Structure formats: structure tokens, C-alpha cells
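Computed from a predicted structure; not experimentally measured. Computation of the quantities below employed the complete heavy-atom set of this structure, encompassing side-chain atoms and omitting hydrogens, waters and symmetry-equivalent molecules.
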Amino acid sequence: MAGGKCVTLLLLLSTIPVGCRKTWRRRGQQSMPNSRERSEGGGESFPLDFTAVEGNMDNFMAQIKSLAQSLYPCSAQRLDDEMKLHILHNQSVTCNDGSPAGYYLKESKGSRRWLLFLEGGWYCISRENCDLRYDTMRRLMSSKGWPPTKTASGILSTQPEENPHWWNANMVFLPYCSSDVWSGASPKTDKSEYAFMGSLIIQEVVKELLGKGLDTAKVLLLAGSSAGGTGVLLNVDLVADQLEELGYPSIQVRGLADSGWFMDNKQYRRTDCTDIITCAPTEAIQRGIRYWNGKVPERCKQQFKEGEEWNCFFGYKIYPALRSPVFIVQWLFDEAQLTVDNVHLSGQPVQESQWLYIKNLGQELRNTLKDVGACFAPACLAHEVITRSHWTEIQVRGTSLPRALHCWDRSLQDTNKNSKVPLKGCPFHLMDSCPWPQCNPTCPSIRDHFTGQEMSVVQFLMHLGFDVQKMASQQGMEPSKLLGVLSS
């Protein structure tokens, strides 16, 4: 380290009050499940990325400056997490109602990593359906009521304790206002009441960010949850192609799809397709892609006959056609998947046929993830996770989601997207093997829909109609012992 920069580093660190200094640990050490540790002096521990020094001293100094700012003063003040709203300069790229689309940005000067997050929120597939959505969820169809700032959490947080490996990235949040799973390319016209421009919004945001520092980026991670997760699968290669065409082929484009790996399986109970909840997933997407004039990647489109492009909205069908590396985060018992499959877990205990359907769904989803190079699939009943503050607490086989993402990041330095060979002690292909919902003890808690009370795993399984006697017999153990295992 050059003498001048060494002095600067010492001066920066000397500004931290002695009683407030935190303990540093090298990245790569496994943190405790809650991502917080305490030293003897009462300080908090967080990871510092020493790998940033290699060939990029300016970036390392930017991290140190940001670090010093976040630690001083050490009172209740925290580093500002607020992201500021930017309405697109090109106002012909709009939300459903014709109001201009936009994005929230939190810059991190000196960092060459960018994270673009696509918000989720279902979709609409007909004029009637969209009218109802506009009346009840206008925020998801118009920018007119968006606040000037937004507070971020989870992987968008700038706090090292909450976001141990991406806290210093440039953060961009794209509000979902196109109702088309980020796939549409249709402007509002005199004949059409609504615009569907999700894919074009992403392209326009990327273009605008090139003037705000993205042009010097090393890595661009396109992330999203739910409909935004599916949007990642549909757009990650389009973004990579766009940057290459604009003269930035060295920017590494990657994807992170959370809770967007939907199945096109047969519903538990068939119902008429009157809205997006009652529609079978395949029928809803078929109607939607026609209504939105939805775009899918050319490589995926070529795999199917004309008119069958809707298949590309399902993760296991589009994944083999993707060129960009993608990390899949998917609950094995996703609440949104169960909803569209007409499995409802509130009210009376479910019937045995529903219980078998739920277990089979988990197994089917596991099968689709077998050949995915990087994934994190806990056996939990939930939906979305990466922007939740508790995202660091979920583990699969002793590895947290942030840790698995970090291992994947490191692996991409010298392996391709289909490699499942992890660095020693650093796995990134993680799936639970236990067969029922909530069998992973780190799952988010379940609450009773009517009482609001938290349910234990045993209470939840009993509610599902779980047969303790039968399962204990199959496992060769006493029912009381099985209940003890489940409780712990």
C-alpha cells in the first residue's frame, strides 16, 4: 500500500471512537445465522472484503471511506439507506396508465458493482382484470403516487450486518408498474387503454444509468422477486445483449431470480379462468402474453412452435437457453404457486389428497432444479425473501443465502454457469431434502390466518392433516419421539 494511502487509511480509522469500534473478520468465514457477532468489547463484527485491494486500490479506499462514515458517529444513526426517485428522461416509456416510468437509485461512489432489482406484484391479463387492478392497486400501474424516496432492506440494504456481501454496491430499485411480468413492449394507444412496456422500461433504465456510472461497472446483477424474479429470467440475456451492442461487453451481467421459478403443473382443483388467481398458470400466461405483446429471449423462443412462446415464462423451460449466469432462490412450497394451484391452507385442516399434492409439488420442484448450477431451495412455506431483513437467517445445510451468493460470485471468476463444483467449503447448489413444508428449522414462522398467532411446526403440520402415528411408524420411532424431533 502506498505511503500516502496508508496514512489516509489510518486517519480514517482513527476517527472511529474507541468505544464504538467494530471487530473485523475476513470474508469467507461463516457467520452465525443472525449475521451478528459480539466481541469481548461489545462491538459488532462485519465482513471487510480484502479481495477488493487486488488491482483496484481506489475501490478499496472507497470502501474504507464508506466504512468510516457508517461507523462514525456510532450512536443510533445508521448509514442512509434511502434511495431517491428518478423519473425516466424518455417519457414515452411508461407505466400502464401512460405516466412515465422510473427507478430509485442509491449510488455508491467508487464501487463497480451494480444491483438492479425488479419489483414483483402479479399481473393482469384482460381489460376487466386490469381495470380492477387499477382501482385497487394503482401503485402497480402508475407512477403518479410514488414517494420521492424509498428505504431499502435485505440485499438492497447498505448495512453490512444485513447485507454482508453486497452492501457497498450501487443499488437500483425498479418499481413494477407494467403488470406484464416485465415482458411487454406495447405503448398505450387510442385503441388500447393500457401500455405494457415492462421489458422496455428495463432497457431504458439501463441506458440512463450508463450516464450515472454504470459505464464503468464490472458486474451488473439483475435481481427480482416473484413476477420480478420471472422478469429476471426473461430479461437477463436481453440486458447483456443491450450492453454489448452499446459498446460495454466487459460488464458481467448476472441474474438473481427469487420466487419466480413457477411450475406449469396441473392444478389441485380445476376452476374456470375468471381472474389471475383462478386461472391455471399456463392459461393465465397464454392470455397475458397475447394481451401484453410480451417479449421472450430469442434463444428460448426458437425451442417452441409459433404461438407457444408462453413456455418461456416457466423457469425450468427458459433456463437451459440462458447464456448469462443465474442464481435461483425458490421456496420448495411457494405460497403463490399453491395459490394458483388452488391449494388453500387457511380454514379447516387440509384433506389427505391436498397433503399429498403439496408433498409432490415440493418433489417436482426439486427435480426441476437438479441441473441448475446455482440455487437455494429451502423446504418452507413462504414467498419472496431477498429484500426481507431476515434473509440472512434462512439456511440450507448450514449455509445462509448471502453466503451461498458470495460463493457463487467467487466461483464465476473461473467457472461457467452450469458448473456445480463449489470452492472448498463454499457451496452454492443447496436444496433441502426433507419432504414437507417447514421441515427446515430456519424457515420463517407461520401465522394462523384467523388468529394471527404464530404456529409451531407441529401445530402447522397438524393443521395440514399430518398423520403423526403413520409417519412415526414409517420412520420406525415412537410418535412422542417424532413430535419431539419436529418441535426442535
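Taking the centre and axis of the six-membered ring of F173, the NZ or CZ atom of K150 falls inside the cone set by 45° and 6.0 Å. Cation-pi contact between R139 and W146: absent, since separation from the ring centre below 6.0 Å together with deviation from the ring axis within 45° is not met.
The side-chain hydrogen bond (donor to acceptor under 3.5 Å, both in side chains) search around D264 returns Y316, K317, not counting sequence neighbours. For Y123, the ring pair (Phe, Tyr, Trp, His ring centres under 6.0 Å) partners at least two apart in sequence or on another chain are W292. Applying the ring pair (Phe, Tyr, Trp, His ring centres under 6.0 Å) rule to W182 yields the partners Y176; only residues at least two apart in sequence or on another chain are considered. Residues satisfying the ring pair (Phe, Tyr, Trp, His ring centres under 6.0 Å) test with Y357, not counting sequence neighbours, are Y268.
Using a 4.5 Å heavy-atom threshold, the side chains of M141 and D97 count as separate. No side-chain heavy atom of K84 sits less than 4.5 Å from a side-chain heavy atom of K106.
For R113 (side chain) and V219 (main-chain N/O), no donor-acceptor pair under 3.5 Å exists by modelled atom type. With Q242 contributing its side chain and V206 its backbone, the two residues share no donor-acceptor pair below 3.5 Å. Side-chain atoms of Y291 come within 3.5 Å of backbone N or O of R127 as a donor-acceptor pair. The main-chain N or O of G184 is never found under 3.5 Å from a side-chain atom of N293 such that the two would form a donor-acceptor pair. Within the 3.5 Å criterion, the main-chain N or O of L174 finds no donor-acceptor partner in the side chain of E119.
Contact between A227 and V181 at its shortest, heavy atoms only, is O-CG1, 3.5 Å. Taking all atoms of both residues into account, the shortest heavy-atom contact from D237 to S324 is OD1-OG, 2.6 Å. Listed here is the closest heavy atom pair of M171 and S157: CE-O, 3.6 Å. The heavy-atom pair separating P378 from Q330 by the smallest distance is CD-O, 3.7 Å. Minimum heavy-atom separation, I289 to Q286: CG2-O, 3.4 Å. In terms of heavy-atom proximity, I394 sits nearest to P444 at CD1-CD, 3.7 Å.
Taking the six-membered ring where the residue is Trp, H406 and H165 present parallel rings, their angle staying beneath 30° rather than reaching 60°.
For the atom pair OG (S142) and CG (N96), the distance works out to 9.0 Å, reported to the nearest 0.5 Å. For the atom pair L132 CG and D135 CG, the distance stands at 6.5 Å (nearest 0.5 Å). The line from OG1 of T230 to CG of L118 is 10.5 Å long, rounded to the nearest 0.5 Å. Rounding to the nearest 0.5 angstrom, the gap separating the CD atom in E82 from the OG1 atom in T158 is 10.5 Å.
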Review item, side-chain donor-acceptor pairs of residues 195-203, under 3.5 Å, at least two apart:
residue: S199; atom: OG; partner: N235; partner atom: OD1; Å: 3.0

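Y134 and N129 are not linked by any side-chain donor-acceptor pair at a separation below 3.5 angstrom, with hydrogens and angles left out of the test. Side chain to side chain, T387 and S153 fail the donor-acceptor criterion of an N or O pair below 3.5 Å. W355 and N360 share no donor-acceptor pair across their side chains, judged by distance under 3.5 Å alone. There is no side-chain donor-acceptor pair under 3.5 Å between Q159 and N163. Side-chain contact of N168 with S111: a donor-acceptor pair under 3.5 Å is absent, judged by distance alone. A donor atom on one side chain and an acceptor atom on the other are not found under 3.5 Å apart for R397 and Q395.
The pair D432-R366 does not count as a salt bridge, with every side-chain nitrogen at least 4.0 angstrom from each carboxylate oxygen. Between E128 and R133 no salt bridge is recorded (no basic side-chain N to carboxylate O distance below 4.0 Å).
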As a quick check of understanding, evaluate salt bridge (charged side-chain N to carboxylate O under 4.0 Å, His left out) for E283 and R270, giving each step before the final call. CA-CA 12 Å; E283 189 172 354; R270 173 75 180 173; 3.2 Å; yes

Decide yes or no on side-chain contact (heavy atoms from CB on, under 4.5 Å) for L405 and V329, but give the supporting numbers first. CA-CA 10 Å; L405 282 170; V329 179; 5.5 Å; no

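Note on residues 376-405: no pairs pass ring-ring contact (aromatic ring centres under 6.0 Å, His included), not counting sequence neighbours.
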